[in-house]
Amino acid sequence: MIKIENLSKTYPLQNGSYTAIEKINLTIHDGDIFGIIGMSGAGKSTLVRCINLLEKPTTGSIVIDGTDVTALSDKQLLLLRRKVGMVFQKFNLLMQRSILDNVALPLEISGAAKPKRTARARELLEMVGLSSQADKYPAQLSGGQQQRVSIARALANQPSLILCDEPTSALDSLTTNSILKLLRDINRKLGVTIIIITHEISVVEKICNRVAVIDNSVIVEQGETADIIANPQQQITKQLLGRVRWDA
Amino acid sequence: MPEIISAFWNEYGALLLQGIWDTAVMTGVSTLFAYVIGLPLGILLVITQPHGIWPHRRLNRALDWVVNIGRSLPFIILMISITGFTKLIMGTFIGVRGAIVPLVVSAAPFVARMVETSLTEVDTGVVEAAQSMGASVQQIVFKVYLPEAMPSLVLGGSISMITVLAYTAIAGAVGAGGLGDLAIRYGYQRKVKSMLVVTVVFLIVVVQVIQSIFNLITKKIDKRIRL
């Protein structure tokens, strides 16, 4: 379980400061596919980056399975990150590494022996349906294939949590569906908790069991996806659902 | 024509071969040591930046300052300013041995900037991905920054090497030996036109060869485009 309490992140500026997220409270249960939806600039990327401390929160706590990760030492933080996978909008694969070596990178970082790394990477590529591409390089793959590789990579260290930052925003709608299906399969098969940042309500509708709506740095609404979609309370939620006329 | 060539060869052949060898040694050894110093400097310049993977404001400023000083001295002035230091290290400040120290001192900051530029080109998203995997600073440098920047680093290597080659000719003016020395002493001072022509042609060919080899290596190792 992940419990986020009173989480804020403020960036100092030359004159004054900029608050990216303010007093965020969220609970994410094991096995959830939790959507965080909002417009660009709402603070959703900052929020997800705080969970594995790529961004250091200004105040508040993030408790993952009983450990407040904001209080971890640098060394402990590296160990935590090895257990949290991350998937990015722009895939962020290493262009000079083969597909197999890209998937094996997290294992290399955590110090696994080479035969073990290779075996595990092959197993993961099999799982995302890209066994035949193992010896190719990212530039030779399509966007959808690259995102599959990055999902395989995120799974390498057998994480219990995967953070996805706009995982389908760079993909066409057909590819989006196949990536979402892959994430759902992984969630069901491996029981991995998934947090998805998105600006597309369709992503939430398709795979998230719970959702939080973020607007202007704060969470304005959260709950079961079905409830939120059936009965949105906030203006921004209605807008994201397309239920408000654009010129209204 | 062949008589002219054989006459030239008989008179200057040995000198020319010695000059080529001296230039090759000065260029090769100096470039190598310039990288031994400049590569870590360049890496530090990138990772200690405020948004780098190992932010250290003071260290970054200090390095930046040192590199700028090294870059601001024209080679010939640097060479004559550090003769004491050169003698301390090599036992002499003339000849090929005497040229290597100032060549390294002058090229290392240049190399540091070349390396810095190459590493800065590495996609920040990829660095972030490595951080999200729990990679240490050292792991990010050796598994992400250097391999991802390798094609650019190799191309930078050709620029550094050709720059050092040009410096060796200047060093030749103050008694370092090599092709620069031959061109000045024979070609210019003794008016042996053919010596000037030969050294110029040779240098042009060498630069072309260096550039072509490095281009070839870059093309061979770069996995970004493969059609």
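Side chains are part of it too, since the values below use all heavy atoms of this structure and drop only hydrogens, waters and symmetry mates. None of the values given here were measured: they were computed from a predicted structure. Protein chains get the first letters and strands the later ones, always in sequence-line order, with residue 1 at the start of each.
- The neighbour count for K83(A) NZ, taken as heavy atoms of other residues, nucleotides or ligands under 6.0 Å away, is above 12.
- Remark: Q138(B) CD is loosely packed, at most 12 non-hydrogen atoms of other residues, nucleotides or ligands lying under 6.0 Å away.
- Partner of L183(A) under the side-chain contact (heavy atoms from CB on, under 4.5 Å) criterion, chosen from I196(A), T168(A), I33(A), V192(A): I196(A).
- By number of non-hydrogen pairs under 4.5 angstrom with chain B, the leading residue of L80(A), L94(A), N157(A) is L94(A).
- At a 4.5 Å heavy-atom cutoff, the contact between E108(A) and chain B is made by backbone and side-chain atoms alike.
- The contact between R97(A) and chain B is made by backbone and side chain atoms together, counting heavy-atom distances below 4.5 Å.
- In this structure, the portions of S136(B) lying under 4.5 Å from any heavy atom of chain A include both its backbone and its side chain.
- Interface remark: L93(A) contributes backbone atoms only to the contact with chain B (heavy atom separation under 4.5 Å).
- Both the backbone and the side chain of V144(B) come within contact range of chain A, with heavy atoms under 4.5 Å apart.
- At a cut-off of 3.5 Å, with distance as the only test, a side-chain donor of Q147(A) or S150(A) sits close to an acceptor on the other residue.
- T48(B) contributes atom OG1, which lies 6.0 Å from atom CG of L63(B) (distance to the nearest 0.5 angstrom).
- Each of I21(A), L163(A), D165(A) was checked for a side-chain contact (heavy atoms from CB on, under 4.5 Å) with L47(A), and the lone residue meeting it is I21(A).
- Contact detail for I197(A) and S45(A): the closest heavy-atom pair is CG2-N, 4.5 Å.
- Among R49(A), R82(A), M86(A), the residue making the largest number of heavy-atom pairs under 4.5 Å with chain B is R82(A).
- Both the backbone and the side chain of E148(B) come within less than 4.5 Å of a heavy atom of chain A.
- Each of Q131(B), M133(B), M150(B) has some count of heavy-atom pairs under 4.5 Å with chain A, and the biggest count is that of M133(B).
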